[in-house]
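Remember, predicted model here, so these are calculated numbers, not experimental data.
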Amino acid sequence: MIIDFGLKAAFAVALSALPGAALAGLTICNDTSQQHSVAIGYKSGDQWISEGWWNIAPGACAEPVTGDLQSRYYYFRATAPGRSFPGEGYMFCTEQAAFTITGDADCVARGYESSDFAMIDTGTSALSHTHRIVEPKGKDTSGKQQAANTAPAAPAAPASPSGTIFRSGLGRGEHGEPFTNRLGFQGCDFFDGFEACVFIGDGWKYMAAFDDPTPSGFLEQFYTTPLGVPMVVTGDLVSYEGRTAQLAVSEIEVLAGADTYAPQRQAMQGSWVSADDPNEELYIQGLEMHQYFGKEYSDSFLLEIAPDCAESAGTGPVIVQTSVTYGDEYCYRIDNLSGGWMDLILMGHEAMVSYRKVE
């Protein structure tokens with residue numbers, strides 16, 4: 001079954017608007033302030049099936065399973081930009097586009113991602129069930145961006161295709177709050193007198209300093225790793241300031257072959273000048289962008305390429321930019337990234353900005 005993103009979203013909104021509408025089967029409602037993309041997993045005969053995606057707007061519902069329920073247990077995954085899904089270790093095959101996949105084994109070998117789902121227990125005899133996606137505890141639902149001095153979340157282990165695992169020997173919980181997240185690698189270097197490896201994700205820059213306390217011999221292994229490679233980083237959150245957090249790393253899983261947007265990210269690298277204002281220049285290195293006006297530094301942004309954001313309604317991929325100085329988040333749909341041009345549409349405003357590559 002191929003799912004049309006736009007039709008699913010429109011159906012969900014229309015259905016949720018009906019007063020007292022009673023939904024049969026398995027219904028998933030979005031009680032958060034942000035659009036979520038939902039996938040489900042279930043047993044059909046002797047086979048495990050996974051399907052996605054249903055885009056569910058805030059306050060809306062979707063019905064991934066119609067008719068009387070045939071099983072007690074179903075599984076789901078709900079994603080949104082800047083949020084980590086707290087899976088429970090139930091792994092299913094997924095991909096970025098709409099999908100129906102039979103079988104939950106050998107996902108990566110078959111060209112899919114292996115993603116972490118959570119269980120829905122519908123009860124022993126229920127013919128219908130509604131599950132609600134709710135705001136994470138402590139989430140500000142006022143619509144304001146996360147303040148620059150607010151601690152980054154320490155989410156549960158996210159989706160992660162099997163990869164090579166490296167362990168530092170550090171125990172968890174010894175240096176701060178336990179932390180696990182999927183991040184992009186931003187390289188190892190010297191920063192103001194100390195040596196560290198850097199990771200970027202969810203609008204935060206995470207730094208692991210050599211021997212403070214992460215062993216230098218462990219981190220040195222990653223000096224030749226290309227920028228942007230996705231990794232699951234596990235350890236402790238030691239401290240934070242602004243948009244930068246310090247980590248004590250106990251384990252890194254390098255997700256070989258899981259870099260879905262490597263071509264787009266590679267095309268973005270280097271120097272750019274605005275087609276509208278030649279005084280505006282950008283320099284992109286890995287997952288970080290520096291902005292200049294008239295050769296004067298203006299701001300830096302942490303970048304993430306994602307399949308969607310709340311404003312793009314399934315028309316991605318998008319670039320999510322988080323200001324290092326102010327913490328503001330912007331979502332741009334990639335309209336063109338070829339021929340020496342980068343054309344982006346600011347979601348929510350439908351304004352296009354264009355940049356020319358500087359060789």
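Ring geometry for F301 versus Y330: interplanar angle over 60°, hence perpendicular rather than tilted (30 to 60°). Using cut-offs of 30° and 60° on the angle between ring planes, the pair W48 and F92 is perpendicular. Ring-plane geometry between Y74 and Y42 is classed as tilted, the angle between the planes lying from 30 to 60 degrees on a 0 to 90 degree scale. Relative orientation of the F222 and F185 rings is tilted, given thresholds of 30° and 60° on the angle between their planes. Y292 and Y297 have perpendicular rings, their planes meeting at more than 60° on a 0 to 90° scale where under 30° would count as parallel.
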Candidate pair V254 and I252, rule side chain to side chain contact (heavy atoms under 4.5 Å, CB included), full reasoning
CA-CA 6 Å; V254 179; I252 291 177; 4.2 Å; yes
Give the intermediate values and the outcome of side chain to side chain contact (heavy atoms under 4.5 Å, CB included) for residues V324 and K205.
CA-CA 9 Å; V324 172; K205 177 188 285 188; over 6 Å; no
List the steps and the verdict of side chain to side chain contact (heavy atoms under 4.5 Å, CB included) for D212 and F194.
CA-CA 10 Å; D212 188 23; F194 69 96; over 6 Å; no
Might you work through the side chain to side chain contact (heavy atoms under 4.5 Å, CB included) test for C309 and M347, ending with a clear yes or no?
CA-CA 9 Å; C309 69; M347 294 288 92; 4.1 Å; yes
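The backbone N or O of S354 sits nowhere less than 3.5 Å from a side-chain atom of W272 that would complete a donor-acceptor pair. Side-chain atoms of R172 never come within 3.5 Å of backbone atoms of T234 as a donor-acceptor pair (strictly under, hydrogens ignored). In this structure, the side chain of D211 does not engage the main chain of P213 through any donor-acceptor pair within 3.5 Å. Under a 3.5 Å cut-off, the side chain of D236 and the backbone N or O of V238 do not form any donor-acceptor pair. Remark: the backbone N or O of L183 is not paired with any side-chain donor or acceptor of N181 at under 3.5 angstrom. For Q246 (side chain) and A209 (main-chain N/O), no donor-acceptor pair under 3.5 Å exists by modelled atom type. At least one donor-acceptor pair under 3.5 Å links the side chain of R110 to the backbone N or O of A105. A distance-only check finds no donor-acceptor pair linking the side chain of D299 to the backbone of Q291 [under 3.5 Å]. The backbone N or O of G203 sits less than 3.5 Å from a side-chain atom of R243, completing a donor-acceptor pair. No donor-acceptor pair closer than 3.5 Å links the side chain of T66 to the backbone N or O of G25.
Side-chain contact between Q35 and D308 is present, with heavy atoms from C-beta onward closer than 4.5 Å. In this structure, the side chains of Y75 and E88 stay at 4.5 Å or more apart for every pair of heavy atoms. Contact check for T315 versus I345: no side-chain heavy atoms found under the 4.5 Å cut-off. A heavy-atom distance below 4.5 Å is not found between the side chains of V249 and L170. Proximity of E113 to Q96: side-chain heavy atoms (C-beta onward) are separated by under 4.5 Å at one or more points. Considering only heavy atoms from C-beta on, M91 stays 4.5 Å or farther from D104 through its side chain. Counting heavy atoms from C-beta on, the side chains of F76 and L26 never come closer than 4.5 Å. Contact of the E288 side chain with the L302 side chain is registered, since non-hydrogen atoms from C-beta on lie closer than 4.5 Å.
Counting all heavy atoms, side chain and backbone alike, A245 lies closest to L237 at CB-CD1, 3.6 Å. Between A267 and K357 the shortest heavy-atom distance is O-NZ, 4.0 Å. Here the closest non-hydrogen pair linking E311 and G348 is CB-N, 4.0 Å. When all heavy atoms are compared, the tightest approach of I200 to L287 is CD1-O, 3.7 Å. Taking both residues in full, the closest heavy atoms of P86 and A118 are given as O-CB, 4.3 Å, listed atom of the first, atom of the second, then distance. Heavy-atom minimum distance, G123 versus R72: O-CG, 3.1 Å.
Of the inter-residue distances, the one linking L344 atom CG with C331 atom SG reads 10.5 Å to the nearest 0.5 angstrom. The OH atom of Y112 sits 12.0 Å away from atom CG of D106, with the distance rounded to the nearest 0.5 Å. Atom CD of Q221 is separated from atom CG of L219 by 8.5 Å, given to the nearest 0.5 angstrom. In this structure, CD on E251 lies 8.0 Å from CZ on F218, to the nearest 0.5 angstrom. The CD atom of E51 sits 13.0 Å away from atom OG1 of T94, with the distance rounded to the nearest 0.5 Å. In this structure, NZ on K43 lies 10.5 Å from CD1 on I49, to the nearest 0.5 angstrom.
Outside the 6.0 Å centre-distance limit, the rings of W204 and F199 are not counted as a close aromatic pair.
Residues F210 and M231 share a single hydrophobic cluster, defined by chaining ILVMFWY side chains whose heavy atoms lie under 4.5 Å apart. The same ILVMFWY cluster, assembled from side-chain heavy atoms under 4.5 Å apart, contains both Y355 and L337. Linking ILVMFWY residues whenever their side-chain heavy atoms come closer than 4.5 Å, directly or via other members, places L346 and L303 in the same cluster. Taken together through direct or relayed side-chain contacts under 4.5 Å among Ile, Leu, Val, Met, Phe, Trp and Tyr, M268 and W341 form parts of separate hydrophobic clusters. Hydrophobic clustering keeps I284 apart from L227 (ILVMFWY residues linked when any side-chain heavy atoms are closer than 4.5 Å, directly or through intermediates).
Residues passing the salt bridge (Lys or Arg N to Asp or Glu O under 4.0 Å) test with E281 are K295, sequence neighbours excluded.
Checked by atom type, the side-chain pair T27/E63 shows no donor-acceptor distance below 3.5 Å.
More than 12 heavy atoms of other residues, nucleotides or ligands sit less than 6.0 Å from atom CD of E174.
Evaluation of the disulfide bond (SG atoms under 2.5 Å apart) test over residues 210-300, restricted to residues two or more places apart or in two chains, returns none.
The pair R77-D116 does not count as a salt bridge, with every side-chain nitrogen at least 4.0 angstrom from each carboxylate oxygen.
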